[in-house]
Amino acid sequence: MNIEIKIKNCLKEALESIYQLDLSNQSITLEPTKKEFEGTYTFVVFPFVKLTKQSPDGLAQTLGNSLVKNVEEIISFQVVKGFLNLSLSNRYFLTSLETFRHTENFGISTNEKVMVEFSSPNTNKPLHLGHLRNNFLGDSICRILEAYGYSVVRANLINDRGIHICKSMIAYERWGNNETPESSGLKGDHLVGKYYVWFDKEYKKEIDQLTQNGLSEEEAKKEAPIFKAAQQMLVRWEANDPETVQLWKKMNTWVYQGFNSTYKKIGVHFDHFYYESNTYLLGKDIVEEGLQTNTFYKKEDQSVWIDLTREGLDHKLLLRGDGTSVYITQDLGTAELKFKDFACSKSVYVVGNEQDYHFQVLQAILKKLNKSYADGVYHMSYGMVDLPSGKMKSREGTVVDADDLVQEMIDTAKARTLELGKVEDLSEEQASILFHQLGLGALKYYLLRVDPKKRMLFNPEESIDFQGNTGPFIQYTYARIASIIRKANTMGVDLNDSISITYSLQVEERQVIEELLKYPSKLAEAAGAYAPSSIAAYVYDVAKSYNRFYAECPVFQENKESQLFRLQLSAIVAKTIQRSMLLLGIEVPNKM
RNA sequence: GGUUCCGUAGCUCAGUUGGAUAGAGCAACUGCCUUCUAAGCAGUAGGUCUUUGGUUCGAAUCCAAACGGAAUCACCA
């Protein structure tokens, strides 16, 4: 049985039998003991002081005595100002560690399927820093859910149609001069993005011109010739005009080549792609369904709406008067399609928090329609990545490009490694793998350690750190252990021996074990809260506690029992670091 | 204006259902490489947890109000 539950049960029993209390409805909580005090678990007695009519310290004493008597794992307790701090035995830590070492699956057993939709790029421009946060979060949450026991479908809904796509197409048609990725040497997505920016530049010029001629800014935005040309192109695209479709296909192909190379570089992959060009007409049958059950209503102009005022939301348009669909219509259709395709019990959408309202509406509508999958819809809402200058805007070119940033990180990793003179015995290929691992590790960790919900600031002037609470710090800890293990192997030490349960632990050793044993609950927490950040915080703590141990406790030494234990402990730490970093999509090197 | 989210050290961030003296990293300063990798370890300094009220044994955390910031409230996606 779980030790925490055991202690809680025992506390409850003691309180009930000694003081004749009825605590059946009350839950006992146990907390980790603060670092400055001795002990592993702390029980706060204040809530029971009134009930038992005891003094805080007296109550703590009584309970402590009872625990020591009844729970064999507890060897002693200390009472500090009404806090009952419990110390556990060496034997407990060592047997738990042995169990931990042999456990492979820390999740739950379930056959539930989860779909995670993430990335979902527009095909008119390259990925930027904001997309990286999305991709890393999505990838990490997939890994966490898989480790926890779900089977996961990674989906990418590609935004490959709409007026914004036509903007790049118009600009290319006018000024492209048949430029191709090959002829320009540009990555496909960057080439297309160049024309997207070009469009906007011309568009702005036209707006300026028109406003000087006396039009209001709003009128000018609608009347600008180049904008009208884009609109007309969208109409031609929807009418399947061969020339337009051909251009669209050509440019999309370029973009996908670019995206694929970026995905490969950042180590992200997908099981299934949805394309908006295939799904944008979906959802109309759901509208029909809603009308028939009177969940939706029709206005005089034939537009279809739903009343969500009771849900605390507003009335929402679902179908225009002319019968064409809007964003929410498509999303309703796509939700249905996803469920038909994969029958997942949960459907996670990794989408920015600017769409919070949209997803509230989506879920509310699905619930009103009594869709079985409505409750499983979860919007994993994350904050924007802001620059010191404010929000990133692709159109204005004020973005941190994903490919550039990744390359910059790899270059920094290389420079840093050379500076430290650590590549002598690496082959060129090993070195380049290492720089990639370190650069990407620093970047992923940087973006994932922050609570997803919060918006975060990225300052391009200050490079991302490689010291302190960073990916490379944790990777370094792993590499150090790998080096120790290599030495042990050459000495012929067998690390698979069972751990001695009579070994007497030093403080640093015990603290490392305490950290390790938190892994299962941290995994559960991260899976439940969709929070890679809690894994990042956890693995940092593990690395820190190990580094403290590393500084204080020499591994190779005279005392063979101690040497073997420290080697075993190191190996388990390495495995846990590797496992945890993998949950973040970060690889760990054997040397650095 | 309505709704939602946010406000913690100079900077970037932790802080689980209310608990002890509010924690890390960066930047600054001081020690520690002839023994397993110093991308490390140990330490110093840095705080009115935006403000004010309330709830209680106890509040960064819960409630209310104010101030500041962001997003959203489109027949855009």
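Below, chain A is the first sequence line, B the second, and so on; all start at residue 1. Just the heavy atoms: all of them, side chains too, but no hydrogens, waters or symmetry mates, feed the values below.
Annotation for P472(A) and F466(A): closest pair CG-CD2, 3.3 Å, computed over non-hydrogen atoms.
Residue contacts shown for E525(A) are absent, as no nucleic acid heavy atom lies under 4.0 Å away. Residue contacts shown for N590(A) include a base, since a base heavy atom lies under 4.0 Å away. Within the 4.0 angstrom heavy-atom criterion, base atoms lie near K34(A). Counting any heavy atom pair closer than 4.0 Å across all strands shown, K35(A) reaches no nucleic acid atom. Residue M384(A) is classed as having no contact, given no heavy-atom separation below 4.0 Å to the nucleic acid. Across all strands, D356(A) comes closer than 4.0 Å to no nucleic acid atom at all (heavy-atom distances). Counting non-hydrogen atoms under 4.0 angstrom, D301(A) reaches a base of the nucleic acid. Nucleic acid contact for N124(A): none, since no nucleic acid atom lies under 4.0 Å from a heavy atom of the residue. Among the protein residues, R416(A) comes within range of the nucleic acid bases, having at least one heavy atom under 4.0 Å from a base atom. Within 4.0 Å (heavy atoms only), F83(A) reaches at least one base atom of the nucleic acid. Among the atoms of the strands shown, only primed sugar atoms or phosphate atoms (P, OP1, OP2) are found under 4.0 Å from some heavy atom of E276(A). Base contact: T417(A) has a heavy atom under 4.0 Å from a base atom. L420(A) comes within 4.0 angstrom of a base, heavy atoms only. Across all strands, K453(A) comes closer than 4.0 Å to no nucleic acid atom at all (heavy-atom distances).
A39(B) and C33(B) are spaced 15 Å apart, taking the P atom of each and rounding to whole Å. Spacing between U21(B) and A59(B) at atom P, rounded to whole Å, works out to 11 Å. When the P atom is compared between A14(B) and A9(B), the two are found 13 Å apart, to the nearest whole Å. As rounded to the nearest Å, U51(B) and C32(B) have P atoms that lie 41 Å from one another. Spacing between C67(B) and C29(B) at atom P, rounded to whole Å, works out to 43 Å. Nucleotides U61(B) and G19(B), compared at atom P, are 10 Å apart to the nearest Å. Between C62(B) and U16(B), the distance separating the two C1' atoms is 15 Å to the nearest Å. Taking the P atom of each, A24(B) and C41(B) are spaced 12 Å apart, rounded to whole Å.
The side-chain hydrogen bond (donor to acceptor under 3.5 Å, both in side chains) with R510(A) is formed by just one residue from the set E508(A), Q506(A), E514(A); it is E514(A).
Checking T477(A) against N547(A) by side-chain atom types alone, a donor-acceptor pair falls below 3.5 Å. The closest side-chain donor-acceptor pair between D465(A) and Y446(A), if any, does not fall under 3.5 angstrom. A donor-acceptor contact under 3.5 angstrom links the side chains of D356(A) and S381(A), judged on distance only. No side-chain donor-acceptor contact under 3.5 Å links N124(A) and S168(A). Counted by atom type alone, D322(A) and T324(A) present one or more donor-acceptor pairs between their side chains at under 3.5 Å. Donor-acceptor pairing under 3.5 Å is lacking for the side chains of Y550(A) and S570(A).
The backbone N or O of P554(A) sits less than 3.5 Å from a side-chain atom of R566(A), completing a donor-acceptor pair. No donor-acceptor distance shorter than 3.5 angstrom exists from the side chain of S303(A) to the backbone of G321(A), with no hydrogens or angles considered.
For an aromatic pair to be called close, the ring centres must be under 6.0 Å apart, and Y476(A) with F473(A) fails this. Aromatic pair Y280(A)/W237(A): ring centres closer than 6.0 Å.
From I207(A), atom CD1 reaches atom CD of E218(A) across 11.0 Å, with rounding to the nearest 0.5 Å.
Along RNA chain B, the nucleotide nearest F458(A) and the nucleotide nearest P554(A) are compared for position; the residue whose nucleotide lies closer to the 5' end is F458(A). Each of Y476(A) and S325(A) lies near RNA chain B, and the nucleotide nearest Y476(A) is the one positioned closer to the 5' end.
Its glycosidic angle being more than 90° from 0, C57(B) falls on the anti side.
A heavy-atom distance below 4.0 Å to RNA chain B is reached by these residues of residues 37-46 of chain A, ordered by number: F37(A), T42(A), V44(A), F46(A).
Nucleotides of RNA chain B that come within less than 4.0 Å of any heavy atom of chain A span, from the 5' end to the 3' end, G7(B) to A77(B).
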For RNA chain B, what dot-bracket results from Watson-Crick or G-U pairs at under 3.5 Å, with [ ] for crossers and | for inter-strand partners? (((((((..((((.....[...)))).(((((.......))))).....(((((..]....))))))))))))....
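Ring geometry, Y546(A) versus F549(A): the interplanar angle falls from 30° to 60°, so the pair is classed tilted.
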